[in-house]
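Note on naming: letters A, B, ... go to the chains in the order of the sequence lines (proteins, then strands), and numbering restarts at 1 for each one. The structure displayed is predicted, hence computed values, not measured ones.
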Number of protein chains: 2
Amino acid sequence: MNKRATIEDVARIAGVSTATVSRTIHTPDIVSDSTRQAVFGAIDQTGFTLNQAARNLRQRRANAVIVLVPDIGNTFFSEILAGIERVASAANQTILIGDAGQDPRRAEKFLNALINGQADGALLLNGHLPPSLVERFGPSGATLPPIVSVSEGLEQQVVPHVGIDNAAAACMAVQYLIDHGHRRIAHLRGPADNILTRQRHQGFLDGMKDAGLTVAPDHIFDGDFTIESGIAAARSLVNQTNSPTVIFCSNDEMAIGLMSECAVLGLRVPQDVSVIGFDDIAFSKVASPRLTTIRQPRLDIGEAAMKLLLGLIAADAVPDAAMETHDVQLIERDSVRFLR
Amino acid sequence: MNKRATIEDVARIAGVSTATVSRTIHTPDIVSDSTRQAVFGAIDQTGFTLNQAARNLRQRRANAVIVLVPDIGNTFFSEILAGIERVASAANQTILIGDAGQDPRRAEKFLNALINGQADGALLLNGHLPPSLVERFGPSGATLPPIVSVSEGLEQQVVPHVGIDNAAAACMAVQYLIDHGHRRIAHLRGPADNILTRQRHQGFLDGMKDAGLTVAPDHIFDGDFTIESGIAAARSLVNQTNSPTVIFCSNDEMAIGLMSECAVLGLRVPQDVSVIGFDDIAFSKVASPRLTTIRQPRLDIGEAAMKLLLGLIAADAVPDAAMETHDVQLIERDSVRFLR
DNA sequence: GAAAGGTATGTAAACCTTTACATATTTATG
DNA sequence: CATAAATATGTAAAGGTTTACATACCTTTC
């Protein structure tokens, strides 16, 4: 059992001190040619790699960030993750992914990584900053560690945020529907405690109000961002007397579930009822009919968030509440009918 | 700037030695009641948390495993991940997720975590064990660190594997199609260099052969597991004279893309052509028509793989080439027509 | 040729735990 | 009551880096 080579082994073989080895590795330029050759030779010979735990301990830095997602099995998040991953990897940062689920205690547990030195910063995709963390770092979170919220904003936005203007985007969707002759517009919302739900619903209401339209109470459906809740919405829709001409769904999963169930129930989309979604996930362009929706630049958002976080970490800066808003785009496909 | 509390601070406040604090934290039972109280009191007072880097360094253990996926934005992997995550979290293990993409160098880079002490084991979902790693750990990989391959087997299966019997599953799909009266059966394959592609294609060929059926050369389509390649397959299908009655797609993404494009091209599924998929991703049950497919128990596979890996790590055992095969299930929906 | 500056390297402390070993105290045993 | 065993705690080394500071040597400059 030959144990792993340490920097000391390399130093001995190369005939230099450990300090020189360390320098050779991190700043090759400052050592002499002969030393550099000797050290790299010894490294090759021993198969040495730096022990990260020792490095992290000494530097008091983890070179890792934690990414907290509400559901890693959800394609929406996994594409943001891909953006995060890309930037992290380029910056030689490890990402620790935590699936917080619905359990705030799990979220808290993951964020412990910030305190115990496992991570230098955090990306919050689940819209919740555990109060205990804020508490720990003094009143008003004045000295919070580097944290950036992504996509879902926080109740108290005490850290920078990267995402879109959800209300404006929802309002834009409504305007598009109105332009297409729709008046009886329904909204299938997300889960009640979600901040996106509120923002998008507000945008929906604003859009309706701007156009002088009223919203029938039974034109507001409650879902939870899952395919299943879209299916359920279709079922309650079909029993309705004063039926809407179009349903604005707060995400694509629900829209796709809803359209699928409409087909089962004999309701044609868009002839009998139109549907518009939100997010533009990959499957939206192969849904039946192909789903008109609002595209979020998820990859960009993930990349931007990670860059922002790295900046925060590098500058050793305390996060403020700056917002970085990315543009959305309405993707016109076949699920919204033009009413004459 | 009050720095973080160390175990020494806690020891001082509690009036004990650092060794006792460490013991109190990890094996509370072996210290006296009064000591325990004093230590926990001091911990609360200081807000102390263990520095993981120091712990990892001393224990020569990272309490983390690396998970290598080919594409984190793919729903198929993200559900396996959810299973992995669940078990890891219960065992207090951190998971480091690496998106290897198509670049073997990136995979290698991530697996460095095994060598530099950042991870105690690895879960390989991308079907490739970098040769350099095997080389490093001696001939025939006799002393490889704990590694388990998941879903995609390795060319040289030198580590345990958790997945399904892909050939048998593909064969089962073919039999199902034959039972439904199909004879001209096509196969839309995955990317050429993928081991799943070979296994599933072999199963397809076996199933055809068993039934005494021949496969027309132009009934083999090449895809790459993406929605887009399904769309492309539909386009080449439509130009064909000797057209198949059904297409067995090597995954659901391609099947869904194919069905969507068939609709665009005026080809009705399943009246004009039937489709069967593989994986049973969430969107398959809301595709149009609802997709008949083969379900892989992804959550189970993820959980089983992680458990296996943890066992390997705990036992300090060298992995062998054991296989753990999970059962698949044919999910019958509406995309395969019963030919009279 | 002495002083100053630059370059390359070495020495040793620090980072924060865990744990083998030693020691002190208490309890059980004959 | 002496001894053995069990319990509770302390001491100090070890884990593998990085880095402030010191040192040695080589150039340059006046």
So, using side-chain contact (heavy atoms from CB on, under 4.5 Å) as the criterion, who are the partners of [X] when residues are at least two apart?
X      : value
A:A107 : A:L68, A:A100, A:N126
A:P131 : none
A:A90  : none
A:I195 : A:E152, A:R198, A:Q199

Could you pull out the protein-nucleic contacts involving nucleotides 22-26 of chain C (nitrogen or oxygen on both sides, under 3.5 Å)?
none

Taking the side chain as C-beta and beyond, is there a heavy-atom pair between [X] and [Y] under 4.5 Å?
X      : Y      : result
A:F77  : B:S78  : no
A:L114 : A:L133 : yes
A:S149 : A:Q157 : yes

Inset, instruction - List the steps and the verdict of side-chain contact (heavy atoms from CB on, under 4.5 Å) for A:Q156 and A:L129. - result: CA-CA 9 Å; A:Q156 305 269 3; A:L129 184 61; over 6 Å; no
Qualifying salt bridge (Lys or Arg N to Asp or Glu O under 4.0 Å) pairs, either residue in [range], two or more places apart:
range                       : result
residues 301-310 of chain A : A:R86-A:E303
residues 95-110 of chain A  : A:R106-B:E85
residues 43-58 of chain B   : none

Send over the distance from [X] [atom1] to [N] [atom2], rounded to a whole Å.
X      : N      : atom1 : atom2 : result
A:I25  : D:dT18 : CD1   : P     : 6 Å
B:H26  : C:dT17 : NE2   : C1'   : 9 Å
B:R61  : C:dT18 : CZ    : C1'   : 14 Å
A:Q118 : C:dT17 : CD    : P     : 13 Å
B:N63  : C:dT17 : CG    : P     : 15 Å

Legend entry - Axis-to-axis angle between the two ends of the helix from C:dG1-D:dC30 to C:dG30-D:dC1 (five base pairs per end, rounded to 10 degrees): 40°
Inset, instruction - Would you check if there is a donor-acceptor pair between the side chains of A:S17 and A:T20 at a distance under 3.5 Å? - result: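 A donor-acceptor contact under 3.5 Å links the two side chains.
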Inset, instruction - Go along nucleotides 7-12 of chain D 5' to 3' and tag each nucleotide: B for a protein heavy atom under 4.0 Å from its base, S when only backbone or sugar atoms are that close, - otherwise. - result: -SBBBB
Inset, instruction - Give a yes/no answer on whether the side chain of B:R60 brings an N or O atom under 4.0 Å of OP1 or OP2 in D:dG16. - result: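 The answer is yes; a side-chain N or O of B:R60 sits under 4.0 Å from OP1 or OP2.
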Legend entry - Residues forming a side chain to side chain donor-acceptor pair (under 3.5 Å) with B:S32, sequence neighbours excluded: B:S34, B:T35
Legend entry - DNA chain C contacts made by residues 37-59 of chain A, counting heavy atoms under 4.0 Å: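 Listed by number, they are A:L57, A:R58.
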